[in-house]
Amino acid sequence: MSLSLGELISSHRSRRNLSLSDLAEMSGVSKSTLSSIESGETKRPSYTTWKKIADAMDIAPSTIINAFVDTTYHPKTLEIVLAEVIREGWEALVAKVAIRYLESPRIDTFRALDHIDGTARDTENKRIKRILCDSIITFTRSRGIPSYLASALYERYLIERDDFSRFEETYRRGKELLLYTEHLYTEDRIDYYYKMGVHANILGLHDESIELCRLGLREDRTDSKQKASAYISLFNSCIYFGDIHVAAIYLKEYENSQYADFRKNHFRATLLAKKGQHEEAIELFRVCLQEAKKEGRISIVVDLMASYLEAGKTDELLRLIESEDQFLPEATPQHPYRMKTLAQYYRRKALCLISLEKFDQGFHSLSESIKYFKQLGTTSEVIDGIRLFLRHHRTNNKNLSFKNMEILENICDNII
């Protein structure tokens, strides 16, 4: 059990062999006030008084605040304390003080929510910003205040979306906001639909991607990078489902955007490939590779590899793999779509090498693919990768080496 303020002071004073007179002289707080606090007669000393006492005895500031917050609901005091714990980065106390402030009967609920919301927006530390959002979410969810709940869910999603190591979990958490989108500003609602639609596309949830992107398009009358990205997601999802006609419509919309870039030719080539026109597709993919900068080439390579396989151009496929230095990123990508594309490349490369009986190289490439899918946090892709790894060992009558066992064991660590 945590100590009361009086018990805490008495404990520290006894430990240092200080009399009340000694502590009064050291802190500048009168002996009678100290005695009243220790006895419990004064249950809620001011924060200034409590801080003087704690500073005099070198009590850790976090200990001071943790004990003090339990004694007050005074809004102005809690605002001061909240600012201090945010400044110091004491995350556990941020949550405690924020909830205490929101629950205070001495301030209007909506004024308290406005203060925490404004504090969250002004805070640069993303971890603390998320804690403040979580405090609003917890408070408003239990009290049925949908407008503030929607805003906090939106802000939390924007923060968590940047952590692509938890990309799948973030998407699942982000879906709660679908219940409250009517309470968002129109611009935020459209932004949310687009971001979630692209998010779903990266995770391979193509039906959800189409639904979310279309919700954004239904309200959006502007031209923006986000809208162009939504058209890309819609195109990719329609291609996945084999709906070439609708994919072509979304490609046209993308091409009409001022934010369309070199990927226009990439998508045209993809359409040709889906129609079985692999020679024409290959030529256009090659043009794309020449036009794209190094960081934009790998997604083109992934689709070009598929066309080479369909056209039976094994030699050209191997030459493409041998030219990896021309398109592989020099460092791990910091964007989820590029991370996914890199994982897809290694998987496609692995299957090609295994089919050519280059087993060791193929298994190494497959393990690289699984590693990147794991970093992205897409559990289903990791499991599929492990399944492929084991299946190809079995079907090719290859023993699972101790090295590969270790690789699989490391992959499985913290997978859930």
Side-chain angles (χ1 to χ4, degrees), residues 1-2 4-5 43-44 47 62 65-123 125-163 166-189 191-193 195-196 199 208 212 215 416:
M1 294 178 62
S2 59
S4 67
L5 287 175
K43 298 182 183 301
R44 296 182 179 85
Y47 184 57
S62 57
I65 292 171
N66 191 52
F68 176 78
V69 168
D70 289 334
T71 72
T72 185
Y73 274 116
H74 194 280
K76 288 297 181 184
T77 302
L78 289 171
E79 287 174 12
I80 293 170
V81 174
L82 181 61
E84 183 169 342
V85 296
I86 289 174
R87 185 172 57 252
E88 296 295 335
W90 295 325
E91 296 178 6
L93 285 175
V94 170
K96 180 173 183 175
V97 178
I99 289 294
R100 186 78 172 180
Y101 180 76
L102 290 170
E103 292 175 343
S104 173
R106 301 177 65 180
I107 185 173
D108 177 77
T109 295
F110 295 102
R111 287 185 60 188
L113 285 166
D114 283 338
H115 182 78
I116 300 298
D117 179 66
T119 301
R121 293 176 187 275
D122 293 339
T123 300
N125 185 312
K126 289 187 176 181
R127 289 173 60 89
I128 289 179
K129 187 188 291 283
R130 187 176 63 200
I131 290 169
L132 292 171
C133 288
D134 281 336
S135 299
I136 295 174
I137 290 166
T138 299
F139 181 81
T140 55
R141 188 189 283 138
S142 63
R143 288 163 176 80
I145 309 176
S147 57
Y148 286 89
L149 175 57
S151 178
L153 286 169
Y154 173 65
E155 290 298 324
R156 185 179 70 180
Y157 173 67
L158 295 182
I159 296 165
E160 293 184 336
R161 193 172 185 270
D162 290 337
D163 182 5
R166 301 168 60 198
F167 209 59
E168 191 170 18
E169 178 188 349
T170 298
Y171 178 76
R172 290 198 301 269
R173 283 161 63 87
K175 290 180 72 174
E176 181 183 357
L177 182 50
L178 289 171
L179 301 172
Y180 307 101
T181 52
E182 65 187 272
H183 300 285
L184 291 175
Y185 292 114
T186 302
E187 295 80 2
D188 290 343
R189 182 166 58 249
D191 177 69
Y192 165 74
Y193 285 144
K195 282 184 166 61
M196 282 287 284
H199 201 151
E208 295 182 26
L212 287 160
L215 285 171
I416 304 299

[atom1]/[X] to [atom2]/[Y] distance, rounded to the nearest 0.5 angstrom?
X    : Y    : atom1 : atom2 : answer
D162 : E160 : CG    : CD    : 10.0 Å
I131 : I99  : CD1   : CD1   : 11.5 Å
L212 : H199 : CG    : NE2   : 11.0 Å
H115 : I107 : NE2   : CD1   : 7.5 Å
L113 : Y101 : CG    : OH    : 9.5 Å
Y180 : I145 : OH    : CD1   : 11.5 Å

Minimum heavy-atom separation for [X] to [Y], with atom names?
X    : Y    : answer
I159 : C133 : CD1-SG, 4.3 Å
S147 : H183 : CA-CB, 3.8 Å
L184 : R189 : O-NH1, 3.0 Å

Is there a side-chain contact between [X] and [Y] in this structure, where contact means two heavy atoms from C-beta onward sitting under 4.5 Å apart?
X    : Y    : answer
E79  : T119 : no
L177 : M196 : no
D163 : R166 : yes
F139 : T109 : yes
L132 : I86  : yes
F68  : T77  : yes
L178 : Y193 : yes

Report task. Could you go through the side-chain contact (heavy atoms from CB on, under 4.5 Å) check for N66 and W90 one step at a time? Result -> CA-CA 10 Å; N66 191 52; W90 295 325; over 6 Å; no
Q | Short side-chain donor-acceptor distance under 3.5 Å, S151 and Y185 | A | no
Notebook entry, point to check: When you look at CZ of R143, are more than 12 heavy atoms from neighbouring residues, nucleotides or ligands closer to it than 6.0 Å?
Noted result: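 Correct, the count exceeds 12.
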*Could you give me the CA-CA distance, side-chain angles and deciding distance for R173 and E168, then say whether salt bridge (charged side-chain N to carboxylate O under 4.0 Å, His left out) is met?*
CA-CA 9 Å; R173 283 161 63 87; E168 191 170 18; over 6 Å; no
Given the options K126, K129, R121, R161, E155 meets salt bridge (Lys or Arg N to Asp or Glu O under 4.0 Å) only with R121
query: Does any N or O in the side chain of R156 come within less than 3.5 Å of the main-chain N or O of R130, such that one atom is a donor and the other an acceptor?
result: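 Side chain of R156 to backbone of R130: no pair is present.
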Where the side chain of T123 meets the backbone of N125, is there a donor-acceptor pair that is under 3.5 Å apart? no
- Task: Look at the aromatic rings of Y157 and Y192 and report parallel, tilted or perpendicular, splitting at 30° and 60°.
- Result: perpendicular
Query raised in the report: So, D70 and K96, do they make that salt bridge, N to O below 4.0 Å?
Result: yes
Tested for side-chain contact (heavy atoms from CB on, under 4.5 Å) against L82, the lone hit among V69, I65, L93, I116 is I116
*Tell me, with the steps shown, if L149 and I137 meet side-chain contact (heavy atoms from CB on, under 4.5 Å).*
CA-CA 5 Å; L149 175 57; I137 290 166; 3.8 Å; yes
